[in-house]
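Computed from a predicted model, the values in this text were never measured in an experiment.
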Amino acid sequence: MPHDVTLITTLAAGFGLALVLGFVALRLKLPALVGYLMAGVAIGPFTPGFVGDMAIASQLAEIGVMLLMFGVGLHFSLDDLMAVRKIAVPGAVAQMAVATALGMGVAHIWGWSLGAGLVFGLSLSVASTVVLLKALEARGIVDSMNGRIAIGWLIVEDLAMVLVLVLLPALAGVLGGVTPGGAAAPADTAAIWLALGKTLLQVALFIALMLVVGRRFFPWLLWQVTRTGSRELFTLCVVAAAVTIAYGSAALFGVSFALGAFFAGMVMRESKFSHRAAEESLPLRDAFAVLFFVSVGMLFDPHVLIDRPLQVLAVVAIIILGKSLVALAVVLLFRYPLNTALTVSASLAQIGEFSFILAGLGVSLKLLPTEGYSLVLAGALISMALNPLVFSLIEPAQRWIRARSELARKLEARDDPLAELPAATEDKYLARQVVLVGYGRVGRHIAEALAAAGIPFVVADHNRERVEALRERGIPAVLGDASEPAVLIQAHIAHARVLVLATPDTVSVRKMIEVARTLNPGIQTLVRSHNEEEAQRLQADGAGRVFLGERELAQAMVREVLAARAH
């Protein structure tokens with residue numbers, strides 16, 4: 001076959017097999033990423049048959065990394081992170097520290113160097129944002145408090161990994177590897193600090209340039225392109241910004257492609273067209289993300305499953321058990337409900353794209369042995385495949401733990417002062433009041449309207465920061481999961497007039513209504529819904545008045561149109 005069609009054959013084989021195996025994975029209730037990775041294994045050099053061009057696949061993977069990180073930057077919200085910072089930041093740091101220590105421990109037992117152990121442990125410590133979002137979307141809990149905590153936790157991990165990717169090349173020589181370009185390792189402590197300081201200075205200059213100049217220039221550029229009315233030019237502008245900033249950051253500042261693309265997404269987010277940019281670049285980002293996972297699979301040697309089964313088992317245990325148990329303990333110690341702790345634990349019981357990027361960098365810097373890379377990939381494949389099963393075990397595990405563990409029940413903070421209304425609460429909040437479950441974007445507007453109308457209400461929410469803020473403002477609020485009878489009892493649901501369920505966690509709505517009507521058979525219920533099918537199902541179950549956002553908006557606009565025509 002002519003050499004000039006190598007790119008075409010690699011793309012054709014990669015996309016074709018990824019489509020087939022991704023479809024099979026979804027039919028088996030597994031993440032499609034598992035199928036993409038297996039497609040890479042099938043066309044890799046370690047399996048018989050067609051072998052894709054590794055050099056081309058590597059460059060396509062670099063573009064995939066750029067666009068993946070550009071997407072992360074586009075969706076990165078500092079506000080979302082700040083809302084859950086008190087649990088996400090310490091939780092992510094503690095979980096990453098323990099997972100890294102566990103990885104370094106087993107690496108030491110296997111006789112690996114300190115640098116290899118560090119890269120290996122860090123690779124096991126960070127979960128996949130892609131897998132997490134897919135799992136939360138499948139369960140309709142992306143916008144729930146549990147989902148927000150899990151996403152905030154992952155954002156902290158991602159930011160930590162970006163920092164690691166920047167610092168690792170500068171420290172590679174000290175850790176026993178080679179610096180980029182094969183330069184000699186610094187000879188003394190002063191030289192080490194000088195090299196590290198130079199790297200941090202370059203990163204700081206790049207970040208400053210992006211935050212001061214980029215956040216003004218690129219949104220302006222996007223606006224100018226939008227004014228042309230050309231969809232193709234708009235998409236080209238978005239993709240060109242992602243790739244050129246990523247490349248320029250590496251060429252001019254020595255910063256990784258990943259960090260450059262991440263900040264490209266962050267500055268694009270400043271534009272009012274950021275949602276359109278995310279939407280129109282999504283197909284290309286998805287396509288190259290598939291190629292990234294395929295190229296990663298090509299590097300996986302399946303013989304590691306046969307040659308090193310105990311090592312693979314140790315890796316999977318660290319990912320699924322070690323990380324999850326640490327997360328469970330941290331969330332419970334911060335006095336969040338058991339359901340939140342289990343959801344966050346399940347979310348972190350896998351590894352993904354950052355693990356591949358870091359492990360690949362470790363191999364290129366001669367820090368991580370090639371078998372370490374294969375072990376990371378094996379752990380990723382197995383943990384991704386098991387992640388849906390882990391999520392399905394949340395409710396059974398919750399029932400089992402509550403039934404058998406007095407410690408868990410205590411840690412759920414039933415004696416937490418925020419879990420019950422203060423003794424000094426006025427009588428008007430204890431009878432014929434409105435109980436408002438959820439104080440997010442919708443609940444906040446409802447609360448403001450009730451306050452303006454002078455209608456007493458009590459808020460139930462399982463975000464500790466929100467409840468604390470409400471208490472400081474003199475608004476009666478109860479901390480906890482409203483599907484638990486104790487929470488609604490503390491909100492005095494038995495004497496309430498109306499129950500308003502403004503929470504996006506519609507999975508628990510039926511349980512909340514059931515509990516409320518058991519305690520107060522005559523209570524009126526108002527429920528928020530996300531789609532027509534869900535609204536019909538809730539109404540069929542006797543949920544009371546169900547409000548569907550799109551439908552209510554359309555009806556309000558029609559009323560305005562009719563009123564305008566009447567005049």
Side-chain angles (χ1 to χ4, degrees), residues 10 14 33 36-37 39-41 43-46 52-69 72 100 103 107 112-113 115-131 157-158 160-172 175-182 246-247 250 254-262 288-302 304 315 319 350-381 383-384:
T10 301
L33 298 184
Y36 305 154
L37 289 166
V41 173
I43 64 172
F46 303 105
D53 188 296
M54 294 292 292
I56 288 176
S58 176
Q59 292 194 45
L60 292 173
E62 290 286 6
I63 299 176
V65 170
M66 293 181 199
L67 295 178
L68 269 173
M69 294 308 301
V72 172
T100 301
W112 294 2
S113 67
L118 180 62
V119 173
F120 184 67
L122 286 169
S123 298
L124 301 185
S125 71
V126 59
S128 166
T129 307
V130 176
V131 174
E157 290 190 351
D158 288 352
M161 281 296 107
V162 168
L163 184 61
V164 169
L165 291 174
V166 169
L167 295 179
L168 191 61
L171 297 174
L175 295 172
V178 297
T179 56
Y247 176 76
V255 175
S256 68
F257 289 142
L259 183 64
F262 175 76
F288 276 97
V290 168
L291 290 176
F292 167 69
F293 290 110
V294 169
S295 68
V296 167
M298 291 174 68
L299 297 172
F300 175 58
D301 184 359
V304 72
V315 170
I319 296 169
Q350 40 81 16
I351 59 173
E353 56 274 7
F354 262 122
S355 303
F356 308 148
I357 296 169
L358 180 59
L361 179 63
V363 172
S364 68
L365 296 173
K366 306 297 184 185
L367 286 171
L368 186 68
T370 53
E371 62 265 28
Y373 191 92
S374 293
L375 288 171
V376 170
L377 290 179
L381 278 166
S383 64
M384 285 181 188

Side chain to side chain donor-acceptor pair (under 3.5 Å) contacts touching residues 292-301 (sequence neighbours left out): D301-H303
Residue pair [X] / [Y]: nearest heavy atoms and the distance that separates them:
| X | Y | value |
| --- | --- | --- |
| D53 | I56 | OD1-N, 2.9 Å |
| P369 | V363 | O-CG2, 4.2 Å |
| M384 | Q350 | N-CB, 4.4 Å |
| F356 | A380 | CE2-CB, 3.3 Å |
| F46 | P302 | CB-CD, 3.8 Å |

Is there side-chain contact between [X] and [Y], with at least one heavy-atom pair below 4.5 Å?
| X | Y | result |
| --- | --- | --- |
| M161 | I357 | no |
| V376 | V315 | no |
| L168 | L367 | yes |

Table please: side-chain donor-acceptor pairs of residues 116-127 below 3.5 Å, with sequence neighbours left out.
{"unit_1": "S123", "atom_1": "OG", "unit_2": "V119", "atom_2": "O", "d": "2.8"}
{"unit_1": "S125", "atom_1": "OG", "unit_2": "L122", "atom_2": "O", "d": "2.7"}

Point-to-point distance, once rounded to the nearest 0.5 Å, from CG of L368 to CG of L361: 10.0 Å
Spatial distance of atom CE (M298) from atom OG1 (T10) [nearest 0.5 Å]: 6.5 Å
